[in-house]
Amino acid sequence: QVQLVETGGGLVQPGGSLRLSCAASGSTFSASAMGWYRQAPGKEREFVSAISWSGGHTRYADSVKGRFTISRDNAKKMVYLQMTSLKPEDTAVYYCIRGTYYSGGYSPSGSWGQGTQVTVSS
């Protein structure tokens with residue numbers, strides 16, 4: 001089981017940017033697709049973005065398409081989420097998780113970590 005630690009969250013004004021990082025440990029990282037999910041207060045956890053194991057394919061939720069960019073560096077065992085044009089509705093705890101990338105979507109697997117808090121407010 002890959003262990004993941006999310007960092008980079010914080011308080012940002014609407015329209016601002018943040019870059020989230022996910023550091024992985026374990027030997028299976030490079031062979032696994034990775035995804036970002038988020039959970040806002042009072043809401044269920046929702047899909048944000050996913051990337052295939054090689055980085056050749058990506059997918060985004062409609063709510064973040066054009067604003068967020070997912071990337072990975074397998075040599076460093078890292079996955080990133082560059083967030084721009086942030087909106088108050090982006091406020092949530094963000095989680096990274098390994099899973100399976102397929103043509104119809106992304107299926108997470110493994111255990112959820114602690115996540116990193118993103119707050120967009122003026």
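- Using cut-offs of 30° and 60° on the angle between ring planes, the pair Tyr101 and His57 is tilted.
- Residue Gln13 qualifies as open at atom CD: its count of foreign heavy atoms under 6.0 Å is 12 or below.
- By the 4.5 Å heavy-atom criterion applied to side chains, Cys96 and Trp36 are counted as neighbours.
- By the 4.5 Å heavy-atom criterion applied to side chains, Arg67 and Met83 are not counted as neighbours.
- A distance-only check finds a donor-acceptor pair linking the side chain of Tyr60 to the backbone of Ile70 [under 3.5 Å].
- Ion pair Asp90/Lys87 not flagged as a salt bridge, since none of the NZ, NE, NH1 or NH2 atoms sits closer than 4.0 Å to an Asp/Glu carboxylate oxygen.
- At least one cation-pi condition fails for Arg72 and Tyr80: the charged atom is not both under 6.0 angstrom from the six-membered ring centre and inside a 45 degree cone around its axis.
- A cation-pi arrangement is absent between Arg59 and Tyr106, since the terminal nitrogen or guanidinium carbon is not both under 6.0 Å from the aromatic centre and inside a 45° cone about the axis.
- Grouping the Ile, Leu, Val, Met, Phe, Trp and Tyr side chains by contacts below 4.5 angstrom, directly or via other members, places Val12 with Leu20.
- With rounding to the nearest 0.5 angstrom, the OG atom of Ser49 is 9.5 Å from the CZ atom of Phe68.
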List the steps and the verdict of side-chain contact (heavy atoms from CB on, under 4.5 Å) for Val48 and Leu81.
-> CA-CA 10 Å; Val48 176; Leu81 185 68; 4.2 Å; yes

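- Between Gln82 and Ser17, some side-chain heavy-atom pair lies under the 4.5 Å cut-off.
- Tyr37 and Phe47 have their aromatic ring centers within a separation under 6.0 angstrom.
- Between Gln114 and Tyr95, the closest side-chain pair of non-hydrogen atoms is not below 4.5 Å.
- In the hydrophobic clustering of ILVMFWY residues, with side-chain heavy atoms under 4.5 Å counting as a link, Met34 and Val64 come out together.
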